[in-house]
Amino acid sequence: MTLYLHNTLTQQKEIFTPLNPNQVTMYVCGPTVYNFVHIGNARPVVVFDTLFRLLQRHFPKVIYARNVTDVDDKINAAAKANNESIRDFAERYAIAYREDMGNLNNLPPTLEPYATDNIDAMIDQIQALIKNGHAYEAEGHVLFQVSTDSQYGKLSKRNMDDMIAGARVEVAPYKKEPADFVLWKPSSDDLPGWDSPWGRGRPGWHIECSAMISKHLGKTIDIHGGGMDLIFPHHENEIAQGTCCHEHGQEAFVRYWMHNGYLNIDGEKMSKSLGNFRTVRDLLQEWPGEVIRYALLTAHYRKPLDFSGDLLANAKSSLDRLYNTLRESPLAVDGNVRHPQLDELEKHLQDDLATPQALAVLHALAGEINKAQGDEKIRLQKTLRKAGDCLGLLNQDSEAWFKWQPAGKTGGLSDAEIDALIVERNDAKKAKNFGRADEIRKQLKEQGIVLEDSKDGTRWTRE
RNA sequence: GGCGCGAUAGCAAAGCGGUUAUGCCGCGGAUUGCAAAUCCGUUGUAGGCCGGUUCGACUCCGGCUCGCGCCUCCA
């Protein structure tokens with residue numbers, strides 16, 4: 001197996017080889033849990049879940065960590081307004097996040113460290129940075145001194161002069177140099193805080209990730225992922241912290257940096273600050289989670305993807321076609337199935353997660369299934385189930401898929417009522433009373449129920 | 001101001017220096033009591049614009065136009 005991954009550090013595809021051939025370590029930046037996540041937040045989760053599945057197929061052990069940021073100024077303010085602890089406040093959204101991501105068929109990560117459970121590791125790392133001459137204390141803050149890191153800027157490809165020239169940041173008076181960033185900041189009595197060598201305070205934004213990586217995954221990890229917007233400053237600063245806190249020798253802090261492109265709305269980035277976002281939670285009221293997942297996989301992960309109702313409708317139609325070929329096929333994935341199309345699918349995924357082509361393979365298999373009969377058909381259906389599993393798709397029963405209806409929709413016909421009308425219609429058909437049969441078809445159609453007659457009986461689906 | 005990305009048919013979205021991406025939508029045929037699904041065929045002059053390299057470019061190179069992103073919380 002040769003796996004190619006695009007590395008943001010080198011801006012090109014590289015052959016992936018883990019530092020330890022028996023174990024891959026991967027860290028992906030998780031959510032700051034102060035509200036429901038939007039569909040743009042779901043893109044990296046789906047992308048790296050797909051990578052996680054791929055890695056698991058080819059390496060004996062994969063440790064995938066995704067953090068939960070449960071302390072930050074937005075959380076602090078919201079928890080205070082609610083008169084509850086940041087932990088209680090944050091945990092509600094952390095649970096919602098896990099539910100939402102689960103509904104998109106994302107596997108749980110191996111580890112989900114919480115920032116507030118790892119304050120000690122952050123303090124340790126900050127102390128190491130001070131000891132190594134990369135950080136300094138000033139007015140209760142601890143700051144990383146960027147000029148002490150000759151490698152600074154290597155991920156985001158920018159140099160200090162450019163940054164200072166274009167800086168729109170106010171420079172705090174206690175900074176030695178404008179680009180220095182906060183590792184630790186003091187907390188007033190009404191803010192969450194932890195005791196530290198620099199007084200009661202709380203961590204800066206970037207330190208949690210590098211500290212938790214060091215603590216849970218080690219000095220060097222194989223893959224670190226996240227959205228493009230994290231390249232600067234978040235990941236650049238993580239590199240500075242994670243590299244300067246200890247002797248690294250030849251090995252980097254992170255060996256492969258991967259970043260997904262944005263989800264756009266009308267060509268503009270979806271973001272919380274622009275307010276042009278849709279929450280995953282809302283979308284799940286209208287669409288199956290699998291449709292959302294499929295939609296996110298239709299574009300290559302590094303490309304922008306314009307999000308729209310049409311995108312989801314197209315994804316739904318495509319999945320309808322695939323599920324139609326899986327009627328009566330068992331759900332369990334048969335690990336022993338072999339088929340050239342599976343090799344083709346693997347080849348595409350191994351080429352920096354070429355999911356659009358991987359989806360094309362699913363459709364090629366569907367075409368074969370539609371033409372096949374008997375055992376050959378069953379074998380191909382098993383193949384398609386397995387192919388779908390590689391992408392986190394096609395893991396449900398076809399009948400359930402076609403009978404699905406939006407959670408937000410109420411008052412429609414129940415399954416039993418529909419079945420009763422179908423019985424009545426079939427009786428009418430037997431009696432050659434096609435007028436009544438068509439009337440029932442029409443009546444159901446008006447309710448969004450489509451009937452399909454076949455020699456094996458009548459099936460129905462919700463539109 | 002600095003740095004970077006993109007432009008493909010009705011819609012979405014890929015690979016590839018010459019041979020069908022794929023899905024949805026459209027059209028014709030088969031099948032069907034009707035319908036759907038499926039199969040066969042097929043169209044919509046596809047590759048932002050202008051040059052260059054080449055026997056040949058959507059695919060490589062240069063310029064232009066337009067759009068977008070990061071430099072500030074952000075996936």
Side-chain angles (χ1 to χ4, degrees), chain A residues 8 11 28-32 34 37-48 72-74 153 156-159 161-170 179 205 225-234 236 259-264 266-274 277 294-295 297-308 310-322 324-325 327 348 351 354-364 366-367 369-371 402 425 429 432-435 437-439 441-442 444-445 450-455 458-461 463:
Chain A
T8 309
Q11 296 179 297
V28 175
C29 285
T32 301
Y34 63 94
V37 296
H38 63 67
I39 179 72
N41 298 298
R43 169 119 97 146
V45 182
V46 169
V47 165
F48 291 104
D72 103 320
D73 288 347
K74 290 193 199 82
S156 54
K157 321 293 174 204
R158 49 189 95 212
N159 63 57
D161 295 341
D162 293 342
M163 283 174 41
I164 292 162
R168 283 179 274 165
V169 213
E170 278 181 56
W205 173 32
M228 295 259 190
D229 45 358
L230 295 180
I231 294 173
F232 191 89
H234 186 52
E236 194 67 64
H259 293 95
N260 61 276
Y262 302 116
L263 214 61
N264 292 160
D266 298 327
E268 275 192 317
K269 175 187 174 182
M270 180 188 290
S271 76
K272 287 175 184 167
S273 41
L274 287 175
F277 63 88
Y294 188 103
L297 293 174
T298 53
H300 183 79
Y301 77 92
R302 283 189 282 111
K303 289 275 185 77
L305 174 60
D306 223 66
F307 185 80
S308 66
D310 274 0
L311 180 73
L312 292 171
N314 273 341
K316 171 77 162 57
S317 300
S318 298
L319 281 166
D320 281 345
R321 171 174 147 85
L322 296 173
N324 189 246
T325 68
R327 306 261 192 190
H348 290 312
D351 181 14
T355 54
Q357 286 131 290
L359 293 175
V361 170
L362 262 40
H363 287 284
I369 290 170
N370 283 329
K371 279 175 248 183
F402 285 111
R425 176 168 169 275
K429 276 169 65 180
K432 302 279 180 200
N433 183 356
F434 294 120
D438 288 350
E439 202 175 283
R441 174 187 287 290
K442 193 176 162 220
L444 286 169
K445 174 78 179 168
V450 178
L451 300 184
E452 290 180 38
D453 292 332
S454 76
K455 57 181 180 300
T458 302
R459 286 197 297 241
W460 61 269
T461 67
E463 283 182 315

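Letters A, B, ... are given to chains in the order of the sequence lines, protein chains preceding strands, and every chain is numbered from 1.
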Checklist entry - Quick one: does A/R425 reach the base of B/G33 with a side-chain donor-acceptor pair under 3.5 Å? => result yes
Checklist entry - Considering only the P atoms, how many Å lie between B/A36 and B/G28, rounded to the nearest integer? => result 13 Å
Checklist entry - Counting only side-chain N and O atoms of A/K445, is one of them less than 4.0 Å from OP1 or OP2 of B/A36? => result no
Checklist entry - Should A/K429 be listed as having a side-chain N or O under 4.0 Å from OP1 or OP2 of B/C34? => result no
Checklist entry - Between the side-chain atoms of A/D438 and the base atoms of B/G33, is any donor-acceptor pair under 3.5 Å? => result yes
Checklist outcome for this item: Quick note, A/S318 side chain, CB onward, closest among B/A12, B/G23, B/G15 is B/G23
Checklist entry - Does the side chain of A/M270 come within less than 4.5 Å of A/Y262's, by heavy atoms? => result no
Next on the checklist: Any salt bridge linking A/D453 with A/R425? Criterion: basic side-chain nitrogen under 4.0 Å from a carboxylate oxygen.
Outcome noted: yes
Checklist outcome for this item: Stems with RNA chain B, 3 or more Watson-Crick or G-U pairs in a row (under 3.5 Å), are B:1-7 with B:65-71, B:10-12 with B:22-24, B:26-30 with B:38-42, B:48-52 with B:60-64
Next on the checklist: Could you tell me how far apart A/D351 (CG) and B/C16 (P) are, to the nearest whole angstrom?
Outcome noted: 8 Å
Checklist entry - Does A/D320 come within less than 4.0 Å of A/K316, counting only side-chain N to carboxylate O? => result yes
Checklist entry - Are any of A/N260's side-chain N or O atoms less than 4.0 Å away from OP1 or OP2 of B/A75? => result no
Item to check | Integer angstrom distance from the C1' of B/A12 to that of B/U54 | outcome: 33 Å
Next on the checklist: Please report the distance, rounded to the nearest Å, between OH in A/Y262 and P in B/C73.
Outcome noted: 13 Å
Checklist entry - Does the side chain of A/V450 come within less than 4.5 Å of A/F402's, by heavy atoms? => result no
Next on the checklist: In whole Å, measure the gap between the C1' atoms of B/G44 and B/G26 for me.
Outcome noted: 8 Å
Next on the checklist: Taking the nucleotide of RNA chain B with the nearest heavy atom to each, does A/T32 or A/G435 sit closer to the 5' end?
Outcome noted: A/G435
Checklist entry - B/C70 phosphate, OP1 or OP2: any side-chain N/O from A/K157 under 4.0 angstrom? => result no
Checklist outcome for this item: Atom CZ of A/R321 and atom P of B/C39 are separated, to the nearest Å, by 6 Å
Next on the checklist: Main chain of A/L274, side chain of A/S271: is a donor-acceptor contact present, judged purely on distance under 3.5 Å?
Outcome noted: yes
Next on the checklist: Between B/C70 and B/C27, how far apart are the two P atoms, rounded to whole Å?
Outcome noted: 42 Å
Item to check | Spacing of A/E452 atom CD relative to B/A36 atom C1', expressed in whole Å | outcome: 5 Å
Checklist entry - Using the C1' atom in both, what is the distance from B/G6 to B/U45, to the nearest Å? => result 25 Å
Checklist entry - Below 4.5 Å, heavy atoms only, C-beta onward: do A/L451 and A/R459 meet side chain to side chain? => result no
Checklist entry - Rounding to the closest angstrom, what is the interatomic distance between B/C11 and B/A46 at atom C1'? => result 13 Å
Checklist entry - Atom CG of A/D306 to atom P of B/A14: distance rounded to whole Å? => result 12 Å
Checklist entry - Is any side-chain N or O of A/R441 under 3.5 Å from a base N or O of B/A35, one able to act as donor and the other as acceptor? => result yes
Checklist entry - Do you know the tightest heavy-atom contact between A/G267 and A/D306? => result N-OD1, 2.9 Å
Item to check | Donor-acceptor pair present, A/D310 side chain and B/C24 base, under 3.5 Å | outcome: no
Item to check | Whole-angstrom distance between B/G18 and B/U42, as gauged at atom C1' | outcome: 24 Å
Next on the checklist: Go through it in stages, so that I can follow the logic: the residues are A/H259 and A/R302, the test is side-chain hydrogen bond (donor to acceptor under 3.5 Å, both in side chains), and I'd like the CA-CA distance, side-chain angles, deciding distance and then a yes or no.
Outcome noted: CA-CA 7 Å; A/H259 293 95; A/R302 283 189 282 111; over 6 Å; no
Next on the checklist: Would you measure the distance from the C1' atom in B/G10 across to the matching atom in B/C68 and give it in whole Å?
Outcome noted: 24 Å
Checklist entry - Under a 4.5 Å cut-off applied to non-hydrogen side-chain atoms, are A/L312 and A/F307 in contact? => result yes
Next on the checklist: Check this one for me: any side-chain N or O of A/N41 less than 4.0 Å away from OP1 or OP2 of B/A75?
Outcome noted: yes
Checklist entry - In whole angstrom, what separates A/N314's CG from B/A13's C1'? => result 10 Å
Item to check | Distance, rounded to the nearest Å, where A/K269 contributes NZ and B/C71 contributes P | outcome: 7 Å
Item to check | Between B/A36 (P) and A/F402 (CZ): distance, integer Å | outcome: 15 Å
